[in-house]
> 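There's a structure below that I have some questions on.
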Amino acid sequence: MNAPHDENELIQRRHAKLAALRARGVDPFGSRFPVTHWAGRLTGLLTTAREEELKEVGPVSVAGRVLTLRHHGKTCFATLRDYTGTIQLYARADQLGEEYGLFTDLDAGDFIGVTGELFRTRTGELTIAVKAWTFLAKALRPLPEKWHGLRDLETRYRQRYLDLVVNPEVRQLFRLRSRLVKELREFLDARGFLEVETPMMQPIPGGAAARPFVTHHNTLDLDLYLRVAPELYLKRLVVGGLDRVYEINRNFRNEGISTQHNPEFTMLEFYQAYADYGDLMELTEALVCHLAQILLGSLTLAYQGEQVDLTPPWRRLGFFDALAEVLQTDVSPRTEASRVRQLAAAAGISVEQDAPSAKLWKGLFEKLVEPTLIRPTFVVEFPIELSPLSKRNRDNPALAERFELFVARLEVANAYTELNDPEEQLARFKQQAAERERGDEEAHWLDRDFVRSLEYGMPPTAGEGIGIDRLVMLLGDLPSIRDVILFPQLRPETES
RNA sequence: GAGCCGUUAGCUCAGUAGGUAGAGCACCUGCCUUUUAAGCAGGGGGUCGGUGGUUCGAUCCCACCACGGCUCACCA
């Protein structure tokens with residue numbers, strides 16, 4: 001990694017050019033420029049126009065970054081790019097006079113504003129014959145190479161602006177992400193959901209089993225935690241009569257970083273009163289298919305070499321059924337603890353002395369089942385101990401009415417019928433508190449106000465969280481969460 | 001946190017079985033009035049991630065450090 005203040009010949013030359021411009025009275029960092037046309041619209045809309053029609057358009061003004069210059073004696077071609085696309089510029093010494101010298105002295109990366117007439121070159125490319133132009137911003141650093149782009153992952157993540165300038169697929173991806181979130185909102189709005197915002201800084205971090213970040217409010221002299229989930233606040237809103245709510249925003253978890261984990265990540269959580277987890281499976285199928293259809297134009301997608309068909313209905317796989325299958329033996333919540341320990345040890349899972357069976361089931365599931373979940377699969381009926389906020393299954397109280405959605409090995413969603421019995425919720429919290437006592441830093445905290453809210457009555461409700469970053473990874477066919485987050489978390493750059 | 005791999009010119013990459021390094025693009029000079037990875041001729045540019053060690057000599061071997069990637073652990 002190069003230090004940010006390095007000086008090399010290329011940069012020094014550009015500084016010299018900058019000084020020379022100023023000495024001539026040219027402002028290398030111009031101000032506003034009235035744009036009449038966008039490059040991408042011009043080249044897009046006028047591909048078939050005849051020469052006379054181009055003339056009728058009259059003078060056009062475009063602004064953007066110069067990407068390449070092709071000097072050709074007393075003429076010069078340049079490629080200009082703005083937010084919408086690129087267009088070619090054509091400058092002639094006999095048209096621009098003294099200005100021509102300045103134009104040919106442009107560097108790749110400079111921002112300019114240009115006014116001129118449209119014409120078509122011999123090879124048919126729509127081009128602006130430059131009549132007048134102005135500096136909008138001088139680039140003092142050279143851009144990465146036009147042909148190979150920027151490959152170095154570290155530089156791409158640290159200097160995302162460069163990645164965006166030179167790698168078109170990256171620009172595309174973040175537009176896809178933006179459209180996905182917009183479509184998500186429209187989908188939920190159309191079904192009567194209300195978008196809300198709940199605290200990111202919480203005195204009691206709740207709603208997920210995860211270690212929080214701590215911060216401190218000076219005036220209140222109070223430790224606050226960045227939220228690990230909005231869940232408990234959203235359910236309070238359901239108590240308050242907001243029957244359908246959702247929130248799309250960041251969660252923060254103070255845990256490891258990997259290709260699937262960033263310390264801050266974006267989550268959609270939504271709650272629907274009078275529904276259960278079965279309703280949400282159908283809603284989830286509709287939602288994901290809608291997004292795929294709109295964004296990819298298809299219900300089939302390729303993720304890292306795997307073909308995935310999203311056509312519903314999706315497979316529903318019982319948590320213990322899946323384990324029984326891979327373990328080749330009958331297992332259930334009633335399997336004796338010693339047997340569970342034996343199975344976990346055989347699978348190479350670290351077995352702590354007093355690890356509860358549920359934790360071992362979870363370990364076995366993650367190690368043996370998750371890697372096989374390619375096609376869209378709702379894993380249903382988790383051990384109740386792993387789901388302290390969800391309702392017991394009406395047919396088997398050892399299981400939760402819960403599902404997790406896996407697609408192409410990615411865990412994309414987690415949902416359950418919400419526990420709305422305040423007494424049982426309190427008991428479950430106390431059980432978690434006991435595990436916290438025993439050193440489980442990820443066990444849930446006891447939130448008494450949340451229990452109090454349930455005591456006022458929460459209608460039967462189903463709730464779901466969808467990891468937006470992972471959904472974007474899936475639809476964008478990207479291997480790392482860092483590829484779908486504009487500024488992923490990295491260690492600070494060191495000055496060498 | 002552990003293991004493995006990587007770090008060479010602005011960018012993308014070669015390379016040196018230890019004798020201080022090359023290419024393409026970019027850059028500089030000259031020529032060129034419809035080019036488009038423009039072309040032609042010439043030229044400049046590197047503390048080979050950092051610090052130590054071994055050696056007559058280290059970019060190359062060794063150790064430590066930094067940053068990154070992958071896998072594992074933890075989680076979503």
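Since the structure is predicted, the reported quantities are computational estimates derived from the model, not experimental observations.
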> For A58(B) and G18(B), measure between their P atoms and round to the nearest Å.
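It comes out at 14 Å once rounded to the nearest Å.
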> On the nucleotide U34(B), are OP1 or OP2 found under 4.0 Å from the side-chain N or O atoms that His72(A) carries?
yes
> State whether the aromatic ring of Phe265(A) stacks on the base of A76(B), taking stacking to mean ring centres under 5.5 Å apart and ring planes under 30° to each other.
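Per 5.5 Å and 30° rule: yes, stacked.
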> Leu150(A) near the nucleic acid: base, sugar-phosphate alone, or nothing, with a heavy-atom cut-off under 4.0 Å?
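Contact class for Leu150(A): sugar-phosphate only.
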> Answer with base, sugar-phosphate or nothing: what part of the nucleic acid does Lys367(A) contact at a heavy-atom distance below 4.0 Å?
nothing
> Base, sugar-phosphate or nothing for Asp94(A)? Non-hydrogen atoms, less than 4.0 Å.
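If one applies the 4.0 Å heavy-atom cut-off, Asp94(A) turns out to touch a base.
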> Return whichever of Pro479(A) or Glu264(A) has its heavy-atom-nearest nucleotide of RNA chain B closer to the 5' end.
Pro479(A)
> Considering only the C1' atoms, how many Å lie between A23(B) and G15(B), rounded to the nearest integer?
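Rounded to whole Å, the distance is 10 Å.
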> Main chain of Ser390(A), side chain of Arg428(A): is a donor-acceptor contact present, judged purely on distance under 3.5 Å?
yes
> Step through it carefully: locate the ring centre of Phe382(A), locate the ring centre of Tyr416(A), and say whether they are under 6.0 Å apart.
no
> Just to be sure I understand the rule, does Lys362(A) reach a base, reach only the sugar-phosphate, or reach nothing, if contact means heavy atoms closer than 4.0 Å?
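Result for Lys362(A) = sugar-phosphate.
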> Is the distance from OP1 or OP2 of A26(B) to the nearest side-chain N or O of Lys146(A) less than 4.0 Å?
yes
> Would you state whether a donor and an acceptor, one from the side chain of Glu154(A) and one from the base of U7(B), lie under 3.5 Å apart?
no
> What is the nucleic acid contact for Leu490(A), judged by heavy atoms within less than 4.0 Å: base, sugar-phosphate only, or nothing?
sugar-phosphate
> Tell me what Gly256(A) touches on the nucleic acid: a base, only sugar-phosphate, or nothing, going by heavy atoms under 4.0 Å.
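Counting heavy atoms under 4.0 Å across all strands, the contact made by Gly256(A) includes a base.
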> For the pair Arg482(A) (side chain) and Leu153(A) (backbone), establish whether a donor and an acceptor sit closer than 3.5 Å, ignoring hydrogens and angles.
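Side chain of Arg482(A) to backbone of Leu153(A), a donor-acceptor pair under 3.5 Å: no, none is there.
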> Using a 4.0 Å heavy-atom cut-off across all strands, classify Arg211(A) as base, sugar-phosphate, or nothing.
nothing
> In whole angstrom, give me the gap between the P atoms of C62(B) and A17(B).
15 Å
> Are Trp361(A) and Phe319(A) an aromatic pair, judged by ring center distance below 6.0 Å?
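No - the distance between ring centres of Phe319(A) and Trp361(A) does not fall below the 6.0 Å cut-off.
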> Does OP1 or OP2 of U35(B) have a side-chain N or O of Arg122(A) closer than 4.0 Å?
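For U35(B), OP1/OP2 do have a side-chain N/O of Arg122(A) under 4.0 Å.
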> Verify, without hydrogens or angle tests, whether Arg409(A) (side chain) and Pro371(A) (backbone) share a donor-acceptor contact under 3.5 angstrom.
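Looks like yes, one N/O pair under 3.5 Å.
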> Would you indicate what Tyr157(A) reaches in the nucleic acid, counting non-hydrogen atoms under 4.0 angstrom: base, sugar-phosphate, or nothing?
sugar-phosphate
> Report which part of the nucleic acid Asn262(A) touches: base, sugar-phosphate, or nothing (heavy-atom distance under 4.0 Å, all strands).
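Here Asn262(A) touches the bases of the nucleic acid.
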> With a 4.0 Å limit, can you tell me whether Arg482(A) has a side-chain N or O closer than that to the phosphate oxygens OP1/OP2 of G69(B)?
yes
> Would you mind classifying the nucleic acid contact of Thr79(A) as base, sugar-phosphate or nothing, using non-hydrogen atoms under 4.0 angstrom?
nothing
> Establish, with yes or no, whether the OP1 or OP2 oxygen of A76(B) is under 4.0 angstrom from a side-chain nitrogen or oxygen of Asn414(A).
no
> Go through the N and O atoms of the side chain of Arg92(A) and the base of U33(B), and report whether any donor-acceptor pair is under 3.5 Å.
yes
> Below 3.5 Å, does any donor atom in the side chain of Thr75(A) face an acceptor in the base of U34(B), or the other way round?
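Per atom types, no contact qualifies.
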> For G68(B), does either OP1 or OP2 sit under 4.0 Å from a side-chain N or O belonging to Arg491(A)?
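For Arg491(A), the contact criterion (side-chain N or O under 4.0 Å from OP1 or OP2 of G68(B)) is met.
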> So Ala209(A), base contact, sugar-phosphate only, or nothing? Heavy-atom distance under 4.0 Å.
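Sugar-phosphate: the residue Ala209(A), judged by heavy atoms under 4.0 Å, touches backbone atoms but no base.
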> Are the side chain of Asp82(A) and the backbone N or O of Thr84(A) linked by a donor-acceptor pair below 3.5 Å?
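Side chain of Asp82(A) to backbone of Thr84(A), a donor-acceptor pair under 3.5 Å: yes, one is there.
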> Name the nucleic acid region contacted by Gly149(A), choosing base, sugar-phosphate or nothing; use a 4.0 angstrom heavy-atom cut-off, strictly under.
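The residue Gly149(A) makes sugar-phosphate contact but no base contact.
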> Quick one: label Glu404(A) by what it contacts on the DNA or RNA (base, sugar-phosphate, nothing), any heavy atom closer than 4.0 Å.
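No contact at all - Glu404(A) keeps every heavy atom at 4.0 Å or more from the nucleic acid.
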> Quick one: do Asp447(A) and Lys235(A) make a salt bridge, cutoff under 4.0 Å?
no
